[in-house]
2 protein chains.
Amino acid sequence: MATGRTHRPATRSRGIPEATVARLPLYLRALTALSERSVPTVSSEELAAAAGVNSAKLRKDFSYLGSYGTRGVGYDVEYLVYQISRELGLTQDWPVVIVGIGNLGAALANYGGFASRGFRVAALIDADPAMAGKPVAGIPVQHTDELEKIIEDNGVSIGVIATPAGAAQQVCERLVAAGVTSILNFAPTVLSVPDGVDVRKVDLSIELQILAFHEQRKAGEEAAAADGQVPPAVARKASADKGPDGDVPAVMPA
Amino acid sequence: MATGRTHRPATRSRGIPEATVARLPLYLRALTALSERSVPTVSSEELAAAAGVNSAKLRKDFSYLGSYGTRGVGYDVEYLVYQISRELGLTQDWPVVIVGIGNLGAALANYGGFASRGFRVAALIDADPAMAGKPVAGIPVQHTDELEKIIEDNGVSIGVIATPAGAAQQVCERLVAAGVTSILNFAPTVLSVPDGVDVRKVDLSIELQILAFHEQRKAGEEAAAADGQVPPAVARKASADKGPDGDVPAVMPA
DNA sequence: CCTTGTGAAATCTTTCACAGCT
DNA sequence: AGCTGTGAAAGATTTCACAAGG
């Protein structure tokens with residue numbers, strides 16, 4: 001196995017922080033909306049509000065891409081759309097396969113935003129022979145047997161796994177063996193992949209549990225507030241970020 | 001009323017870092033699997049591997065919950081399951097409503113992992129009158145007109161938005177006005193919410209764009225590697241770490 | 001005036017490495 | 001001997017605040 005014990009040599013050439021990368025799509029979406037309304041320029045303050053972040057963060061983020069703004073004026077919308085698209089690699093076509101065409105897989109196949117920006121559903125794959133040939137979202141489902149051939153023929157490097165948890169690791173391994181190097185995993189399981197393969201996961205159950213944690217915390221604070229004289233709900237603020245406070249009274253609800 | 005009354009006393013008693021909270025569900029899932037196999041205890045090393053994190057991080061995470069392990073032995077699986085469940089607020093019942101019963105909403109309603117752990121789909125809501133009364137996943141869809149009543153009657157504090165982007169903000173406002181304080185948003189839009197309301201978002205398009213960024217970067221490095229003398233099999237290097245919401249399942253070679 | 005771009009400070013997160021307990 | 005729990009170091013991210021430039 002790989003002996004690359006050396007912690008990442010850190011190719012710092014194009015080092016855009018991961019946190020920044022994760023926000024670029026957000027900015028891009030906001031900018032696209034502005035572009036559709038033919039807004040020519042936008043300030044960091046305005047754009048940040050539209051994207052649900054604060055303006056200092058946005059400016060810092062953009063500073064990693066280069067100096068694309070004009071002091072005293074703001075950013076040229078069209079130009080920024082182009083620069084961010086290029087940075088994200090959206091100026092090229094990304095064929096994607098979806099494996100597992102159950103409820104969720106079908107929903108993903110039907111999701112419009114998929115095709116919108118550089119991504120193209122190259123194939124739908126399912127293990128159920130009864131599904132084979134059936135069109136979903138206008139694309140005929142193919143059997144898992146064809147997986148390797150489909151990946152190769154279409155030059156697919158991004159795979160979406162929407163299978164049951166039990167099948168996910170095996171599907172993952174076949175995708176990777178066939179040449180896929182980026183995986184979006186909707187199955188509620190941890191995937192093991194070789195070095196060099198990126199995995200991102202989307203997990204409903206985890207998100208709900210995180211919300212439950214904060215919900216519980218709020219309930220506890222409320223109870224504590226009833227005791228003291230903490231002012232009731234305050235200012236209305238637009239915020240896309242998660243709860244700021246991390247402070248829970250040691251009150252145990254038995 | 002005092003204006004400067006500090007919202008948070010300097011007491012750091014129970015402040016679990018957000019990054020830790022986001023990993024607790026992962027640990028819980030791994031522990032549940034161990035529990036089902038009747039494994040009595042587990043070491044931080046084993047559990048970390050199962051959860052796809054490193055053991056130092058796991059031990060640090062657990063240290064915020066308390067000292068639940070035994071030196072020289074490891075952690076008692078059942079006990080940890082209980083402690084983490086309690087910490088996450090999963091020992092209580094969380095009624096949830098799903099708004100927007102299209103492809104995605106239906107997929108979510110059918111998702112088993114939903115009901116499994118403390119969450120219960122209290123109602124499905126859709127704006128289409130034609131949907132009303134139709135059962136999805138065994139639950140009859142109700143019309144949006146009923147939204148406020150449903151929230152109130154069921155004491156719902158967590159809402160899932162699976163509507164088209166255009167409807168999401170309005171639905172969000174109605175949910176919040178009716179008493180919902182945690183929202184899981186699947187619509188590709190930034191939600192504005194009052195202070196004290198938590199929003200988490202799940203966005204296919206954003207995840208794909210982040211993958212595309214790394215995919216593009218890999219392609220660039222490959223080209224650069226071809227210039228040098230890195231053997232093809234090992235030429236790929238990982239960015240390894242993910243952003244705020246993501247983790248990379250690490251592969252632990254023997 | 002205006003708003004960007006950015007060093008520096010503050011804060012949060014991960015990792016290291018080992019003392020301390022079983 | 002083995003493994004946890006944790007200070008302290010290292011690293012990443014956010015925020016501040018202001019100089020620089022339109």
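In what follows, every chain begins at residue 1, and chains take the letters A, B, ... in the order their sequences are listed. If you're wondering where the values come from, they're calculated on a predicted model, not measured in any experiment.
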[X] side chain near [N] phosphate (N/O to OP1/OP2, under 4.0 Å):
X	N	value
B/Lys57	C/dT15	yes
A/Ser44	C/dT4	yes
B/Ser43	D/dC3	no
A/Tyr75	C/dG5	yes
A/Asn54	D/dT15	yes

* To do: Side chain of A/Ala56 only, please: which of C/dT14, D/dT13, D/dC16 is the nearest?
  => D/dC16
* Asked: Of the nucleotides C/dT6, C/dT14, D/dT14, which has the atom closest to the A/Ser63 side chain?
  -> C/dT6
Taking the side chain as C-beta and beyond, is there a heavy-atom pair between [X] and [Y] under 4.5 Å?
X	Y	value
B/Asn185	B/Val202	no
B/Leu31	B/Val42	yes
A/Asp203	A/Phe186	no

I need the [atom1]-[atom2] distance between [X] and [N], as an integer number of Å.
X	N	atom1	atom2	value
A/Arg23	D/dA12	CZ	P	15 Å
B/Leu80	D/dC3	CG	P	16 Å
A/Phe62	C/dT4	CZ	C1'	12 Å
B/Arg59	D/dG7	CZ	P	14 Å
A/Tyr68	C/dT6	OH	C1'	17 Å
A/Glu45	C/dT4	CD	P	8 Å
A/Lys60	D/dC16	NZ	C1'	10 Å
A/Glu18	C/dT14	CD	P	13 Å

* To do: Might you work through the side chain to side chain donor-acceptor pair (under 3.5 Å) test for B/Gln83 and B/Tyr79, ending with a clear yes or no?
  => CA-CA 6 Å; B/Gln83 289 299 344; B/Tyr79 186 57; 3.1 Å; yes
* Evaluation steps, side chain to side chain donor-acceptor pair (under 3.5 Å), between A/Glu36 and A/Thr32 -> CA-CA 6 Å; A/Glu36 275 162 9; A/Thr32 303; over 6 Å; no
* Between the side-chain atoms of A/Arg71 and the base atoms of C/dT4, is any donor-acceptor pair under 3.5 Å? -> yes
